[in-house]
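A short write-up of the structure that comes next.
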There are 2 protein chains.
Amino acid sequence: MTFEVPAHDGKPPSRIRQKNEQAILKAAEDEFARYGFKGASMNAIALGAGLPKANLHYYFRNKLGLYIAVLSNIIELWDSTFNALTAEDDPAQALTQYIHAKMEFSRRQPQASRVFAMEIISGGACLTEYFTQDYIAWFQGRAAVFQAWIDAGKMDPVDPVHLIFLLWGSTQHYADFSTQICRVSGRTHLTKQDMQVASDNLTRIILKGCGLTPTA
Amino acid sequence: MTFEVPAHDGKPPSRIRQKNEQAILKAAEDEFARYGFKGASMNAIALGAGLPKANLHYYFRNKLGLYIAVLSNIIELWDSTFNALTAEDDPAQALTQYIHAKMEFSRRQPQASRVFAMEIISGGACLTEYFTQDYIAWFQGRAAVFQAWIDAGKMDPVDPVHLIFLLWGSTQHYADFSTQICRVSGRTHLTKQDMQVASDNLTRIILKGCGLTPTA
DNA sequence: GTCTATAGACAGATAGAC
DNA sequence: GTCTATCTGTCTATAGAC
């Protein structure tokens, strides 16, 4: 899961370096979320970070290196949340928490979700080394948690793999498609309260749909 | 819902014109689905359509005009499917059919779904004239169908608006994120059978989650 | 209607002074 | 570490011959 590409190695990062790298990564996230890898402009990222364009190439080898760095940050965040689920958990409680965590992520870091979405929609060429055999094994291990719940009679025998896609698709939709959601519901942005209502509805339907009783 | 931008007006379209326009629209759909509006290249579209680059500007005013034409085709297709739902329908049967129709759309026209997804993720600037007051009214009318089912005691009192987002997000996920779905499940592409299994699982969970009994 | 040639803007990347 | 100036290639769009 680690394919960070540091521009320079060995030396301990100075305070200036850390601050500038963070500013660049933030500006890059916004630009890549809006235009994807190919459509993004290094010049626009430099402007957003408040630095001359040449400095980007000092901190990151090139456009692709910067893009990979942004993607890595996102993916680590996602995987750690999903790893919290275990076969020993109560499925109703665990799924409620997971849906809530994913929705919180969609609320707080929508740009990160969008960069990932754009990359996948574009064919995911930059993630070929991420989707390794190790990743497939990891995913199957995650699906096995759901299967364990089913085998223990704790939930309906739904297809675990498709349940995962349902969880991912429905929660990320609130980050990736928030523009559409706002327009049709006459909002300028999704508030914390809007997201709470959305999260509750989603939890209610999915839990009941899997034969689970909501937790108090 | 109609903002087609013909490059030339009045005259009846010749056979050559129709054929070339179709070839351009198809190539444009592929290019825009992969790179979004800004990242797409008119040169690549021309290559894909088997025409010199200058001919694109003969048939379409400019890059934006071509993009709008592609987007229009997509949106008309989506809306007509959603319009099929009425308050008089049996909700279980209607939702089953709608999910199936949306999944069929994700299977047969994934590129169209991706162009729309990219546009929304990018902020939907090109769709501002699409999301009018008329559209909001239309969307509320659609949500009212679900509310009618609820008021008639035919289904659980879920939030109709969020149910719609769930239906859209979960079905479009199979078009937009098919790359990721294929990678984690070790497939090269999603077969008709894969999509049938996905559709059945989705229908099962959502129907039960809304307090509906699957139709025979 | 078709296609070659090209204009003019902007892309990513780098050299080299400070 | 920072920043100006610039190189090279690609972008959209168009002019004008056929």
Side-chain angles (χ1 to χ4, degrees), chain A residues 5-25 27-32 34-71 115 118-119 122 125-126, chain B residues 5-25 27-32 34-71 118 122 125-126:
Chain A
V5 182
H8 303 280
D9 351 52
K11 297 159 200 148
S14 75
R15 219 163 306 159
I16 292 179
R17 167 173 286 272
Q18 259 187 324
K19 193 184 132 209
N20 283 346
E21 278 183 358
Q22 281 306 313
I24 293 169
L25 285 171
E29 190 179 84
D30 289 344
E31 178 75 3
F32 286 131
R34 204 168 176 78
Y35 301 113
F37 175 68
K38 196 182 170 198
S41 151
M42 292 291 274
N43 198 11
I45 295 172
L47 279 173
L51 289 170
K53 184 170 52 161
N55 290 33
L56 268 57
H57 288 91
Y58 175 75
Y59 287 107
F60 297 90
R61 186 186 312 272
N62 52 26
K63 191 184 182 182
L64 182 60
L66 177 52
Y67 185 62
I68 297 289
V70 171
L71 270 179
V115 175
M118 282 247 185
E119 173 59 24
S122 299
C126 293
Chain B
V5 182
H8 303 279
D9 351 51
K11 298 159 199 147
S14 74
R15 220 163 306 160
I16 292 178
R17 168 174 284 272
Q18 259 187 326
K19 191 183 135 212
N20 282 347
E21 278 183 358
Q22 281 306 312
I24 293 168
L25 285 171
E29 189 179 85
D30 289 344
E31 178 75 3
F32 286 131
R34 205 169 176 76
Y35 300 112
F37 175 68
K38 196 181 169 199
S41 152
M42 292 291 273
N43 197 13
I45 295 172
L47 279 172
L51 290 170
K53 186 170 47 162
N55 290 33
L56 267 58
H57 288 91
Y58 174 74
Y59 287 105
F60 296 89
R61 185 186 312 273
N62 52 24
K63 191 184 181 181
L64 183 60
L66 177 53
Y67 185 62
I68 297 289
V70 171
L71 270 179
M118 281 246 184
S122 299
C126 294

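Order of the sequence lines sets the chain letters (A, B, ...), proteins ahead of strands, with each chain counted from 1.
Distance B:Lys19 NZ to C:dG1 P: 13 Å, rounded to the nearest Å. Look at NZ on A:Lys38: it is 14 Å from C1' on C:dC10, rounded to the nearest Å. Between the CZ atom of B:Arg61 and the P atom of D:dT12 there is a distance of 18 Å, given to the nearest Å. Between the CG atom of A:Asn43 and the P atom of D:dA5 there is a distance of 15 Å, given to the nearest Å. The distance from atom NZ of B:Lys63 to atom P of C:dA9 is 18 Å, rounded to the nearest whole Å. Between B:Asn55 atom CG and D:dT14 atom P there is a gap of 14 Å when expressed in whole angstrom units. Rounded to whole Å, atom C1' of C:dA11 lies 14 Å from atom CG of A:Leu47. Rounded to whole Å, the distance from CE on B:Met42 to C1' on D:dC11 is 11 Å.
OP1 or OP2 of D:dT2 has at least one side-chain nitrogen or oxygen of A:Asn20 nearer than 4.0 Å. Taking 4.0 angstrom as the limit, B:His57 places a side-chain polar atom (N or O) nearer than this to OP1 or OP2 of D:dA13. In terms of phosphate contacts, B:Tyr59 brings no side-chain nitrogen or oxygen within less than 4.0 Å of OP1 or OP2 of C:dG1. Look at B:Asn62 and you won't find any side-chain N or O under 4.0 angstrom from OP1 or OP2 of D:dT14. Put simply, A:Tyr58 has no side-chain N or O that comes within less than 4.0 Å of OP1 or OP2 on C:dA13.
Side-chain atoms of B:Asn62 come within 3.5 Å of backbone atoms of B:Gly65 as a donor-acceptor pair (strictly under, hydrogens ignored). Formation of a donor-acceptor pair under 3.5 Å by the B:Glu31 side chain with backbone atoms of B:Ser41 is found in this model. Here the side chain of A:Lys63 pairs a donor or acceptor atom with the backbone of A:Phe37 at under 3.5 angstrom. A:Lys53 contributes no side-chain N or O that, together with a main-chain N or O of A:Asn43, makes up a donor-acceptor pair within less than 3.5 Å. In this structure a side-chain-to-backbone donor-acceptor pair under 3.5 Å is missing from A:Glu21 to A:Phe60.
Across D:dC3, C:dT2, C:dG1, the shortest atom-to-atom separation from the side chain of A:Pro52 is found for D:dC3. Residue B:Lys53 has its side chain nearest to C:dT6 when only C:dA11, C:dT6, D:dT2 are considered. Listed candidates were C:dA13, D:dT2, D:dT12. Nearest to the side chain of B:Ser41 is D:dT12.
Each of A:Ala54 and B:Leu51 was matched to the nucleotide of DNA chain C holding its nearest heavy atom; the match closer to the 5' end belongs to B:Leu51.
Using a 4.0 Å heavy-atom cutoff across all strands shown, A:Ala40 reaches sugar-phosphate atoms only and no base atom.
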